[in-house]
Structures are given as structure tokens and as C-alpha cells.
Number of protein chains: 4
Amino acid sequence: MAKLQKSIEKKNNLVQATIELVNNNGFHATPISKIAKMANVSPATIYLYFESKQDLVNKVYLEVKEAFTAYAFATYTEDMSVVEGFEIIWKRIANFKLKECKQALFLAQCDNTPIIDEASREEGIKHLQPLLDLWERGQDKGIIKPVSNYLLYAYTISPLAFLMLTQQRGQFKIEEKHIEQAYQAAWDSIKL
Amino acid sequence: MAKLQKSIEKKNNLVQATIELVNNNGFHATPISKIAKMANVSPATIYLYFESKQDLVNKVYLEVKEAFTAYAFATYTEDMSVVEGFEIIWKRIANFKLKECKQALFLAQCDNTPIIDEASREEGIKHLQPLLDLWERGQDKGIIKPVSNYLLYAYTISPLAFLMLTQQRGQFKIEEKHIEQAYQAAWDSIKL
Amino acid sequence: MAKLQKSIEKKNNLVQATIELVNNNGFHATPISKIAKMANVSPATIYLYFESKQDLVNKVYLEVKEAFTAYAFATYTEDMSVVEGFEIIWKRIANFKLKECKQALFLAQCDNTPIIDEASREEGIKHLQPLLDLWERGQDKGIIKPVSNYLLYAYTISPLAFLMLTQQRGQFKIEEKHIEQAYQAAWDSIKL
Amino acid sequence: MAKLQKSIEKKNNLVQATIELVNNNGFHATPISKIAKMANVSPATIYLYFESKQDLVNKVYLEVKEAFTAYAFATYTEDMSVVEGFEIIWKRIANFKLKECKQALFLAQCDNTPIIDEASREEGIKHLQPLLDLWERGQDKGIIKPVSNYLLYAYTISPLAFLMLTQQRGQFKIEEKHIEQAYQAAWDSIKL
DNA sequence: CATGAATGAGGTTTCATTCAT
DNA sequence: AATGAATGAAACCTCATTCAT
């Protein structure tokens, strides 16, 4: 029991270290040895928890992706109205992207480069279903434009990644009012 | 004379090879040796054209970024109306992102990871001024929402990168009608 | 425990190999790969013991220099008379230079070329103090010429490096009588 | 004729550049490309004047060695007395070592490391004959100790190389009085 | 379970030399 | 005679991974 706990702690340290280092230096400048050092662990120990460096980054990706979707839908229930539901989900996502910077930044790198297995990438996409269902409801009711989910996602969710990046780079400080403006823009872009 | 010409050709080959390989394998899996091989050149030759691998990728980034902005504003003049001008610029950008996939994909990687020097990144941002001016005109006339440029960019331009990626991954085939829908979404999100 | 011992052995092998190869081929023709081969070690292993090739050669230099001064003063005590003390130190140094050829040869290369860090060079000079003190005593008593330490060193110790080199190159075989002659010359050059 | 002149100038530039760079950086950090740059010449041009890098450094060594011996014996004639002759030769050598620092420094590196061909080294030694003859004369007359030439050289000439090095490194500034002291020490060490 | 030591493979870069002009 | 461009070979060094403990 104690051992298991300890193991979980080490694994978490490894995950955190990976995120931190990939965020700051990029995957190309994140050797296993540095991850081990930051997690206070021997390089060899990493291979007790993960099969390879590729496996490590895949697993970290999936873990973060799951944390993201869990957070996104935590306060949403399917009995909400389309408008209400969209606002709730969108704001949760916005909150995650802009407050959980580290995780969001890590996802941005993984989603825009080939550092993740194709398999892991597909696995990571699966969890968005509630949002897709919501959109379908909205489209059936004539509230949301009858366009592809990809377009809806592109114009409501993906801009948040861009804003997160600009904030991360110190170019743009995002305050409460900007979130409201962003929400309005997102909604305007897909509402009928 | 013949020498100089040959040099330009080799440099172009190197740039193309870099884009191709970074796109397909990621920066972390793109060694100098592979770039050299694809460009039909000795690894040592790369160092006649670029100071280092970092310099190479910086220069490629700037070259592509310049090609992008040149393309974006090629058909725009400042005497156009705000609505007309925005549509023209937006569609040029959309065209570039969705037709010049290789270059767009490369930019997406560079813009979302720390593989580029901070200096080069800042240099690359400079060329968007005409679009920012256009937006200011639109805001002065009460046509465009009075929000930060970053928000305007996030909701009109950045979604195109996302769409390009989905297309590149074979998830979503973008046709003419989607571009029209996307344009509508972009405009709806920022128009007053 | 066994690990630590092994480490010391490997480090010594590396030090010996470096001396051997630099002596025979020169620093410019002593790649890390050859050092590794002679020490029966992978090139990568060298970097577990030393930070860089420069660090390796600096450390070897300091180690040899310390061995040299330790040897030089091993039988000297400050209560000896000036004449007795000088003879004892001088002969120890002569013995070292002419018997521990490898180490002396290595020092000659390091002391006459810029292969050593300035910092390491300064560090290496520090240990001669007892000799300088002895000379000062001799000068106070009117036994030794009142000239700079550099001159005293130049005329008593530095000739031994030259003799070592000639012997090393097979030009001149140094026997006991030559050492006596050399000692006489050294003493004659500085005595009042 | 004009061409030949030009060639000689280029060759001299190459010799000077080699001395300068080997002095400052060491042979191991003196690539052909740097020599070429400092001599305002293409790397390829070097191979019109020398067969290889090794040939270049050999030739430079011999040239400097010849300049040294020519300078050493320029004012000496065999009809001088032993004492007078020795003083004249010694002071010329001292002057060369301490005033023509660059050349002396270069010789020190070549004489203490294996950067020169064995053949070139032997060639370089030949020119000292007049000094050896002088010593023999002195020994025959009972003025100079009956010891090996190597010892005589070690105690009269080789210390000058050490003093030159200390001066070069800024540890010891050699003035006129030190030269007199050094001469006295040299003479004291070998005179009967 | 955990590790420090070790390393083969491969990374980026340099360099002496050649070649086409 | 002179060169800038080109390069194969090799330099230094790093890294993902394994192994003995």
C-alpha cells in the first residue's frame, strides 16, 4: 500500500516534469535524463513506469487530455438548454486553457507536432462527444449553424489555444472582460 | 554567376527539405544528416549556407512567414472598403493555409513550440500591420467590435490553422463551401 | 563500494591514457576516441568522469602537477639548512623529471602550449611556495644571489625539463654523474 | 617577376599568420581556414605554397629556426676569445628570445611538442655548431667545465626560453638588469 | 522497487583537402 | 596562380536505453 502510493507519487512527478520541460524547452530539447533529474528519480526508474520515451510522452498526453475533457464537462448535464450548456462548457474550457496554462501549453505542442503516436492522438479525441451531441441538438433546433463539427470547433474552441499562447508569451494579458468578449465572438460565429 | 545560381538552388533545396522533414517527423526527429540527404548535399555543405541547425530553422521560418504575409496582402489595397478588404485578405490567407499546406503546417509547428528563437519569432510577427490597420479602420467606423487585435486574430485567422491541421490529418476534407462557411463564421465573430 | 573502486580505476586509466597519447602524438592528435580505446572504455564514459575534453586535460595537468610538487618536497623540512634543503629539493625534482619521464614530458607540453586553461595553469603554480621560502632564507643569509625567483627557477629547475626532453628523444642518456654535474651547475648559477 | 614578388608576400603572410595563431591558440586550435583568413588568402591557395598542413608547419619551423641561428651568430667571429664570444652569442640569443617574442614562443611550442616532423626537428638542430665549437675551445683552455654540450646548453640557453614564457604570460617583466643577472648566472653555471 | 554506471548509436559541427572555374 | 564551393572523414559530445547491484 505504502509502496503503491510512493509509486503513484513518482509517476506524477515524472508527468509533471515532462510537461514542464517540454513546455519550456520543446520536445527536441527534453532528454530523459533531464526529466529524471527534475522528478528526483534515476533515468533507469523511468523505465519501470514507462516502456520508452515515446510511451512516456504518449501517456502524459492522454492523461492531460483526459484531465482537460473531464474539466470541460464537469458541470454540464444533458438536460441543460443548448445555449446554457454551450456557455457552461465553453467557459469551463476557457478557464482550463487560461488557468491551467501548463497543461494547455503541453496540449498545444502535442496537437501541432508529430511528437505523439497517431494511436494516442485518436484516443485523445474521443472524449469530446458531449459537445458534439450538444451541437447536434442545437442544429436540430435551428439555433446553431448547420455546419461541420470541425468548423464549430475551429471557431469556438481552437481560438482559446491561440489566446493561451499569446498570454503565455507575455504578449497579451487576458482578463475577465476578454473572456466575455471571446465568448461572445465564439457564440456569434456559430449561432444562427 | 553559375556558382551563385547554383547556390540559390541548393539553399532552396535545403529549405524545402527542412520543411518537408519537420512536417513529417517533427523537429526532434529531423537530423541535419536527413536534411542533407534529401537536399542531395553533404551535411558539411549545410554549414556553408547556415550557421547552425538553429539558424537554419530560424531562417526557414522567416522565409515561410514572409511568403505567407506577402501572399496574404498581395491583392489588397488600402483604398478598399473595410468589408471588401477583410474578405480579400481573409480569403487569401485561407487559400494559403489550405493550399500551401506544407508551408502552413510548418508555421503551425513553429508557432506552437519553442523550436524558433524568440528573436525570429518577433521578427515574424511584424508583417501583419496592414490587417491591424484595416481592423482599426473598421472599429473607427463602428463596423468591427472594439476588442483587442489578439481577439480579432484568434477568431478570424487562427481557426484556419486548426482546419488546415484537420485536413492535413485526413480527418476533414475542406471544400469550397466550407471556406464560405468559415468566412461567414469569421466575419460573424467580429462584426458589430 | 565495489562501484566506487572501479570508478577510481577507470579514472586512473583515463588519466594514464591521456598522458601517454598526448606525449606520443601531441594534444592535436589525441582524440577522445583514442583515449577511450586505450583506457578500455566507451567514449561516452569519459563524460561521466570529466565534463569535456578540456576539463579532462586540465584535470590531468593538475593531478600530475600535484604529484610533481608532492614528490619534490616529500623529504624536505624547513629546519634544514639552506644548502642542504636546496640540494634535497633539487635532487628530488631532478629524480622526478628524469625518472618519471611520462609525467614530466606531459608537464613540458602543458607548460609550453595553450592547451591548458589559464585558471588551471595558475592553480598549478601555487604549490612551489616551500622552494621560494627556502630561496628567501638563502638570500637573507647572503648565500643566494638577490635576484628574482623567476631567475632562480629558470637557472636551477627549468634546465631539467630541457635535459629530460633530450633524454626522451634519445639524444642524450643521463647518468648519475650528469646529475651531479647538473646540480653543480644549478648551484653555481645562483650561489653568491 | 611581379608574380614571384607577390607570391613571396603571400607566403610570408602565411608564415606570419601561422606563428600568430599557433602562439595564441595552440596548434590544436589552428585550422587551415583560420590561417587562410588571417593571411587574406583562400584555403586552397595554401596548397599552392605547401603540400599539407604538416608541411606548412614544418617549413615555418625551419624558417624561424634559421632566423634564430642567423641572428644568434650574426656578430660573432671565430677569432674572438672564448669569454668574449660566449657573451656576444649569449646576448644575441637573449635579445632574440626576449625581443622577437613571437618567433621564440613559436619555437618553444615546436620544441616541446610533437607537432613537428622528426626530420624537420633534426634539420633545425644543425645550425648551432659555432656555439658547440666555442665551448670546445673553452674546455680545451680550461675555462669551461668539461661536461656535455647538452648540459652547457641546458644551463645557459634553455633558461631563456623559460624567462621568455614568463614574460609572455605577464608574470615577469624582464629589464636590462635582469639580462645582466641572467648572463652572470649562465656564465657562473658553466665556467670553471 | 530503485539506481548509478555504462555504452552503442547517432547527434551536430569542424576541418584538411580537392575541384571546377 | 588563385579561389569559393564542396565534401568525406572524423572530431566532440549527447542520449535513450540497459545492466549489475
Side-chain angles (χ1 to χ4, degrees), chain A residues 2-4 6-7 10-11 28-37 40-57, chain B residues 1-7 10-11 28-36 40-56, chain C residues 1-7 10-11 28-36 40-56, chain D residues 2-4 6-7 10-11 28-37 40-57:
Chain A
K3 282 198 179 171
L4 189 62
K6 209 178 180 188
S7 292
K10 268 186 192 165
K11 190 172 169 256
H28 72 286
T30 301
I32 285 277
S33 57
K34 272 193 194 170
I35 297 175
K37 205 163 285 171
N40 281 319
V41 147
S42 161
T45 304
I46 293 182
Y47 290 84
L48 299 176
Y49 292 86
F50 303 96
E51 287 171 22
S52 64
K53 192 188 180 190
Q54 184 63 62
D55 182 47
L56 163 63
V57 71
Chain B
M1 198 68 148
K3 277 274 175 67
L4 192 61
Q5 294 243 343
K6 210 177 180 187
S7 290
K10 263 184 196 162
K11 190 177 168 247
H28 72 285
T30 301
I32 284 281
S33 57
K34 274 194 194 169
I35 297 175
N40 279 319
V41 149
S42 162
T45 303
I46 293 181
Y47 292 85
L48 295 179
Y49 293 86
F50 303 96
E51 285 172 22
S52 64
K53 194 188 179 187
Q54 184 64 63
D55 181 48
L56 164 62
Chain C
M1 197 69 145
K3 277 277 176 65
L4 191 61
Q5 295 245 342
K6 211 177 180 188
S7 291
K10 261 182 199 164
K11 190 176 169 249
H28 72 285
T30 301
I32 284 281
S33 58
K34 275 194 194 170
I35 298 174
N40 280 319
V41 149
S42 161
T45 303
I46 294 182
Y47 293 87
L48 295 179
Y49 293 86
F50 303 95
E51 285 172 21
S52 63
K53 193 188 179 187
Q54 184 64 61
D55 181 48
L56 164 62
Chain D
K3 280 197 182 170
L4 188 61
K6 209 178 179 187
S7 293
K10 266 185 192 165
K11 190 172 168 255
H28 72 287
T30 301
I32 284 278
S33 58
K34 272 193 194 170
I35 297 174
K37 205 163 285 172
N40 282 318
V41 147
S42 162
T45 303
I46 293 182
Y47 291 84
L48 298 176
Y49 292 85
F50 304 95
E51 285 171 24
S52 64
K53 192 188 179 188
Q54 185 64 62
D55 182 46
L56 163 63
V57 70

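Numbers restart at 1 for each chain; the letters A, B, ... are given by sequence-line order, proteins then strands.
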Measure [atom1]/[X] against [atom2]/[N] and give the value in whole Å, please.
X	N	atom1	atom2	result
D:K34	E:dA16	NZ	C1'	15 Å
A:I35	F:dT17	CD1	C1'	14 Å
B:Y47	E:dA16	OH	C1'	18 Å
B:H28	E:dT12	NE2	P	12 Å
D:K11	F:dA1	NZ	C1'	16 Å
C:F50	E:dA5	CZ	C1'	15 Å
A:N40	E:dA2	CG	P	13 Å
D:I46	E:dT17	CD1	C1'	11 Å

message: On DNA chain E, compare the nucleotides closest to D:E51 and B:T30; which residue's is nearer the 5' end?
response: B:T30
Nearest-nucleotide pick for [X], side chain only, options being [options]:
X	options	result
D:S52	E:dT17, F:dC12, E:dT12	E:dT17
D:A44	F:dC13, F:dG4, F:dT7	F:dG4
C:L48	E:dT7, F:dA2, E:dT12	E:dT7
A:S42	E:dT3, E:dT13, F:dT7	E:dT3
D:K10	F:dA6, F:dT3, F:dC13	F:dT3
A:I32	F:dA16, E:dT13, F:dA6	F:dA16
C:T45	E:dA6, E:dT17, E:dC15	E:dA6
D:V41	F:dT3, E:dA2, F:dT17	F:dT3
A:K53	E:dA6, F:dT17, E:dT17	F:dT17

field: Set of residues satisfying side chain to side chain contact (heavy atoms under 4.5 Å, CB included) with respect to A:S33, sequence neighbours excluded
entry: A:P31
field: Residues in side chain to side chain contact (heavy atoms under 4.5 Å, CB included) contact with D:F50, at least two apart in sequence or another chain
entry: D:K11, D:L14, D:I46, D:D55, D:L56, D:K59
- request: Could I get the full list of side chain to side chain donor-acceptor pair (under 3.5 Å) partners for B:N40, not counting sequence neighbours?
  value: none
message: Checking D:Q54 now: which residues fulfil side chain to side chain donor-acceptor pair (under 3.5 Å) with it, not counting sequence neighbours?
response: D:N58
message: Is there a side-chain contact between A:Y49 and the phosphate of E:dA2, meaning an N or O under 4.0 Å from OP1 or OP2?
response: yes
field: Euclidean distance, A:T45 OG1 relative to A:L48 CG, rounded to 0.5 Å
entry: 5.5 Å
- line: OG1 (A:T30) and NE2 (B:H28) are apart, to the nearest 0.5 Å, by 11.0 Å
message: So which atom in C:S42 and which in C:A36 form the shortest heavy-atom distance, rounded to 0.1 Å?
response: C-CB, 3.9 Å
statement: By nearest-nucleotide position on DNA chain F, the 5'-leaning member of B:P43 and C:Q54 is B:P43
task: Starting from the first five and the last five pairs of the helix from E:dA2-F:dT21 to E:dT21-F:dA2, work out the angle between the resulting helix axes, to 10 degrees.
output: 20°
